[in-house]
Amino acid sequence: VQLQASGGGLVQAGDSLRLSCKVSGRDFYQYAIGWFRQEPGKEREFVAAVGWSGAVRYYADSVKGRFTISKDGTENTVYLQMNSLRPEDTAVYYCAGDHELRTLRSSPQGEGVDDWGKGTLVTVSS
C-alpha cells in the first residue's frame, strides 16, 4: 500500500489549500482514510477521516466547519479541503489508511493505524 500526500505550501491566514492523498495497492472502497497533523515539538493529532464509501466523515473540533474531507474513486484520491486557515493550522499533515474507520477516528495520535504516507507541510502566516 502506498499513500502519497501532496498539496502543502505557504499561505496567509484566511486562505485555502487542498491536500491530496493518492492511494495505491489497496481496494479504495475497502479502505478508510484519515488526516493527522503534527506541529513541531507537539504530538500528532487527528484532523479528519472518511469511511469506505465516502459517506461517513469525522472531524476534529478544531477544524469542523472549515475543513472538508472527500473521496474521489475515479482518482483513488482523498482530498482535504482547508478553508479559513489559521496560523495554528501550521503543521506537517499526514494521510493514513486503515481497514476500520473507527481506528482512525478513535486514535488521537494514530495509534494502531495500518498505513501511513509521508507528510506534506502546511504553513499559515499571520
Side-chain angles (χ1 to χ4, degrees):
V1 179
Q2 281 196 327
L3 303 170
Q4 188 172 356
S6 61
L10 171 62
V11 296
Q12 293 187 328
D15 285 351
S16 298
L17 268 180
R18 189 178 75 163
L19 304 184
S20 301
C21 178
K22 176 83 171 178
V23 180
S24 59
R26 182 78 184 244
D27 184 340
F28 192 65
Y29 284 108
Q30 295 291 321
Y31 201 47
I33 298 287
W35 287 94
F36 292 77
R37 66 187 182 187
Q38 187 167 21
E39 298 174 60
K42 295 189 177 181
E43 293 180 330
R44 186 166 54 196
E45 63 176 4
F46 170 80
V47 176
V50 60
W52 293 359
S53 69
V56 180
R57 310 174 193 187
Y58 295 105
Y59 298 94
D61 288 343
S62 58
V63 306
K64 207 171 288 183
R66 300 188 298 123
F67 291 12
T68 302
I69 189 169
S70 61
K71 265 189 155 182
D72 183 346
T74 62
E75 298 289 335
N76 274 21
T77 299
V78 170
Y79 298 103
L80 184 68
Q81 178 65 44
M82 306 186 296
N83 298 330
S84 302
L85 283 161
R86 304 167 181 169
E88 53 264 39
D89 294 318
T90 294
V92 177
Y93 284 71
Y94 298 90
C95 64
D98 201 279
H99 63 287
E100 292 283 355
L101 176 60
R102 62 185 174 188
T103 301
L104 292 164
R105 177 174 179 257
S106 62
S107 304
Q109 297 170 36
E111 309 95 307
V113 170
D114 289 341
D115 305 301
W116 291 90
K118 293 182 180 179
T120 185
L121 177 62
V122 173
T123 304
V124 185
S125 63
S126 57

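The first residue in the sequence is number 1, and the count goes up from there. Just so we're clear, the structure is a prediction, and the values are computed from it rather than from any experiment.
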Which heavy atom of [X] sits nearest to which heavy atom of [Y], and what is that distance?
{"X": "Val47", "Y": "Val63", "value": "O-CG2, 3.6 Å"}
{"X": "Cys21", "Y": "Trp35", "value": "CB-CZ2, 3.6 Å"}
{"X": "Ala5", "Y": "Thr120", "value": "CB-CG2, 4.3 Å"}
{"X": "Pro87", "Y": "Ala13", "value": "CD-CB, 4.1 Å"}
{"X": "Asn83", "Y": "Ser16", "value": "OD1-OG, 2.9 Å"}
{"X": "Leu101", "Y": "Ala49", "value": "CD1-CB, 3.7 Å"}

Looking at Lys64 and Asp61, is there a salt bridge between them, counting it only when a charged N and a carboxylate O are closer than 4.0 Å? yes

Do Thr77 and Asp72 have side-chain N/O donor and acceptor atoms under 3.5 Å apart? no

Please answer whether the main-chain N or O of [Y] pairs with a side-chain N or O of [X] as donor and acceptor at a distance below 3.5 Å.
{"X": "Arg66", "Y": "Ser84", "answer": "yes"}
{"X": "Tyr93", "Y": "Leu19", "answer": "no"}
{"X": "Lys71", "Y": "Ile33", "answer": "no"}
{"X": "Thr90", "Y": "Val124", "answer": "yes"}
{"X": "Glu111", "Y": "Gln109", "answer": "yes"}
{"X": "Thr123", "Y": "Leu10", "answer": "no"}
{"X": "Ser107", "Y": "Leu104", "answer": "no"}
{"X": "Arg57", "Y": "Ile69", "answer": "yes"}

Counting heavy atoms not belonging to [X], are there more than 12 under 6.0 Å from its [atom1]?
{"X": "Gln30", "atom1": "CD", "value": "yes"}
{"X": "Glu39", "atom1": "CD", "value": "yes"}
{"X": "Gln2", "atom1": "CD", "value": "no"}
{"X": "Lys42", "atom1": "NZ", "value": "no"}

For this output row, return yes or no: ring centroids of Phe28 and Trp52 closer than 6.0 angstrom. no

Between Phe46 and Phe36, does the ring centroid distance fall short of 6.0 Å? yes

Measure from NZ or CZ of Arg44 to the centre of the six-membered ring of Trp116 and say whether it is under 6.0 Å with the direction within 45° of the ring axis. yes

Using the rule that Ile, Leu, Val, Met, Phe, Trp and Tyr join whenever any side-chain heavy atoms are under 4.5 Å apart, tell me whether Val50 and Tyr58 fall into a single cluster. no

If you apply the rule side chain to side chain contact (heavy atoms under 4.5 Å, CB included), what do you find for Asp114 with His99, and how did you get there? CA-CA 8 Å; Asp114 289 341; His99 63 287; 2.8 Å; yes

Any side-chain heavy atom of Arg37 sitting closer than 4.5 Å to one from Val92? no

Nearest-0.5 Å distance, CD of residue Gln4 to SG of residue Cys95: 9.0 Å

Taking it one step at a time, do Thr68 and Leu80 satisfy side chain to side chain contact (heavy atoms under 4.5 Å, CB included)? CA-CA 6 Å; Thr68 302; Leu80 184 68; over 6 Å; no

Restricting to ring-ring contact (aromatic ring centres under 6.0 Å, His included), what partner residues turn up for Tyr31, sequence neighbours left out? none

